[in-house]
Amino acid sequence: MKVFFAKGISTIAISSLLVVGCQTSDSSSESDSADNEATPTSADSEDSSESQEQTSESHTHENEHDHDHEHDHSHADDEEAQQIYDGYFEDSQVEDRSLSDWEGDWQSVYPYLQDGTLDEVFTHKAENEGDMTEEEYKEYYHEGYQTDVDRITIQEDTVTFFNNGEENSGEYVYDGYEILTYDAGNRGVRYIFELAEEAEGVPSYIQFSDHSIYPNEADHYHLYWGDDREALLDEVTNWPTYYPSAMDGHDIAHEMIAH
């Protein structure tokens, strides 16, 4: 099989709304019998007023409690999602996924690195992470993002690669996942798909990593491809990265900075 792709790799790299119904008293009085009923005394009115006030206070407190519970629950969910994104999770949390999680039209971010659009990302990293200089970050991601496959489309089981003006398609079937541990101590999950039938110009295996570990619609991903399933798992310096083709470079840069 003729395969002209560079191999890709791994990057070092989600409340319920409680609706509390307000209690409403039945305001429709029984007018036919109202004239026959005794007029409430002042003490009765005060007791009724005090009772309503206490009920109102109790109801308000319950609403505040529910709101606080909702906020805490949401915050906890956000923390867990961020931990997973950063690569810290239990094996028991990992679930199988289908190719539909990555369905869509995707563009490589590599051209945006080349034309300088992503420079603000590297500046942000240098100023806020401090591990490397802006130039060092750019060099690091240059190696990571580099690819000649500038576009990928995924529809049902078919994956189409666009490379130097050519496009080649193949149908892929799920081949499980692998959990990888990186030198930094965090982990990642590769979701693997195998070519169903031999096709010209497409790799035997593709492996997705998008920082998620269970069924979830991807907003971007890193893709690794080649003909050797096991060898791909060892690749850790080049991770071609894809975002929706509808996004422009500045949108992508700001999305990267947000993460």
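Ring pair Tyr174/Phe193: centre-to-centre distance below 6.0 Å.
Side-chain contact check for Glu134 versus Glu127: every heavy-atom pair is 4.5 Å or farther apart. Contact annotation: the side chain of Glu197 never approaches that of Glu171 to less than 4.5 Å [non-hydrogen atoms, C-beta and beyond]. Annotation: side chain of Ile152 is in contact with side chain of Leu223 (closest heavy-atom distance under 4.5 Å). The closest side-chain heavy-atom distance from Asp91 to Ile179 is below 4.5 Å. Looking only at side-chain heavy atoms (C-beta outward), Leu180 and Arg190 come within less than 4.5 Å of each other. Residues Ile213 and Tyr85 form no side-chain contact, since every pair of their non-hydrogen atoms from C-beta on lies 4.5 Å or further apart. Annotation: side chain of Val159 is in contact with side chain of Leu99 (closest heavy-atom distance under 4.5 Å). Residues Val94 and Tyr191 form a side-chain contact, since some pair of their non-hydrogen atoms from C-beta on lies under 4.5 Å apart.
Of all the heavy atoms in Pro203 and Ile206, the pair that sits closest is CG-CG2, 3.9 Å. Nearest approach of Ile192 to Arg229, heavy atoms of both residues: CD1-NH2, 3.3 Å. Residues Pro244 and Gln107 approach most closely at O-NE2, 2.9 Å, considering heavy atoms. Across Asn238 and Gly144, no two heavy atoms sit closer than the pair ND2-O, 3.2 Å. Across every non-hydrogen atom of Ser108 and Thr147, the tightest pair is OG-CG2, 3.5 Å. Among all heavy-atom pairs drawn from His220 and Thr241, the shortest one is CD2-CG2, 4.3 Å.
One finds the OG atom of Ser169 at 6.0 Å from the CD atom of Glu167 (value rounded to the nearest 0.5 Å). In this structure, CE in Met256 is found 10.5 Å from CD in Glu120, a value given to the nearest 0.5 Å. Here the straight-line distance linking atom CG of Asp101 with atom CD of Glu103 works out to 10.0 Å at 0.5 Å rounding. Atom-to-atom distance recorded for Lys125:NZ and Thr133:OG1 is 13.5 Å, nearest 0.5 angstrom. One finds the CD atom of Gln93 at 5.0 Å from the CD1 atom of Ile84 (value rounded to the nearest 0.5 Å). Note that OH of Tyr140 is 9.5 Å distant from OH of Tyr145, once rounded to the nearest 0.5 Å.
Under a hydrophobic-cluster definition in which Ile, Leu, Val, Met, Phe, Trp and Tyr are linked whenever side-chain heavy atoms come within less than 4.5 Å, directly or via other members, Val173 and Ile154 are assigned to different clusters.
Residue Glu136 qualifies as enclosed at atom CD: its count of foreign heavy atoms under 6.0 Å is above 12. Other residues, nucleotides and ligands contribute only 12 or fewer heavy atoms inside 6.0 Å of the CD atom of Gln155. More than 12 heavy atoms of other residues, nucleotides or ligands sit less than 6.0 Å from atom CD of Glu95. When the shell of 6.0 Å around NE2 of His250 is examined, it contains 12 or fewer heavy atoms from other residues, nucleotides or ligands. Open room surrounds CG on Asp183; 12 or fewer heavy atoms of other groups in view lie less than 6.0 Å from it. Around CD of Glu129, the count of heavy atoms belonging to other residues, nucleotides or ligands within 6.0 Å exceeds 12.
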Practice prompt. Please test Thr153 against Phe162 for side chain to side chain contact (heavy atoms under 4.5 Å, CB included), starting from the C-alpha separation and ending with a verdict.
Written response: CA-CA 8 Å; Thr153 62; Phe162 295 79; 3.7 Å; yes
Worksheet item: Are Tyr88 and Gln83 close enough, and set up right, to give a side-chain hydrogen bond (donor to acceptor under 3.5 Å, both in side chains), and what steps lead you there?
Response: CA-CA 5 Å; Tyr88 299 97; Gln83 286 182 340; over 6 Å; no
Item to complete: Applying side chain to side chain contact (heavy atoms under 4.5 Å, CB included), run through Trp225 and Val149 and close with a yes or a no.
Response: CA-CA 11 Å; Trp225 61 83; Val149 177; 3.6 Å; yes
Worksheet entry | side chain to side chain contact (heavy atoms under 4.5 Å, CB included) assessment of Asp86 paired with Asn186 | CA-CA 7 Å; Asp86 292 338; Asn186 59 329; over 6 Å; no
Practice prompt. Show the numbers, then the answer: is there a side chain to side chain contact (heavy atoms under 4.5 Å, CB included) between Glu255 and Asp219?
Written response: CA-CA 10 Å; Glu255 183 71 15; Asp219 54 16; 4.2 Å; yes
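Exactly one of Tyr242, Tyr221, Trp102 qualifies for a side-chain hydrogen bond (donor to acceptor under 3.5 Å, both in side chains) with Asp210. That residue is Trp102. The one candidate from Tyr110, Tyr141, Tyr137, Tyr112 that meets the side chain to side chain contact (heavy atoms under 4.5 Å, CB included) condition with Leu118 is Tyr112. The side-chain hydrogen bond (donor to acceptor under 3.5 Å, both in side chains) with Arg151 is formed by just one residue from the set Thr160, Asn163, Asp105; it is Asp105.
Under the 3.5 Å distance criterion, the side-chain polar atoms of Asp227 are matched with a main-chain donor or acceptor of Ser204. Listed for the Asn128 side chain is a donor-acceptor partner under 3.5 Å among the backbone atoms of His124.
Cation-pi geometry between Arg187 and Phe89 is met: the NZ or CZ atom falls under 6.0 Å from the ring centre, inside 45° of the normal.
The aromatic rings of His222 and His211 sit perpendicular to each other, their planes meeting at more than 60°, with 30° as the lower class boundary. The aromatic rings of Phe161 and Tyr172 lie perpendicular to each other, with more than 60° between the two planes, well past the 30° mark.
For the 3.5 Å distance criterion, the side chains of Asp78 and Gln82 fail to qualify, holding no donor opposite an acceptor.
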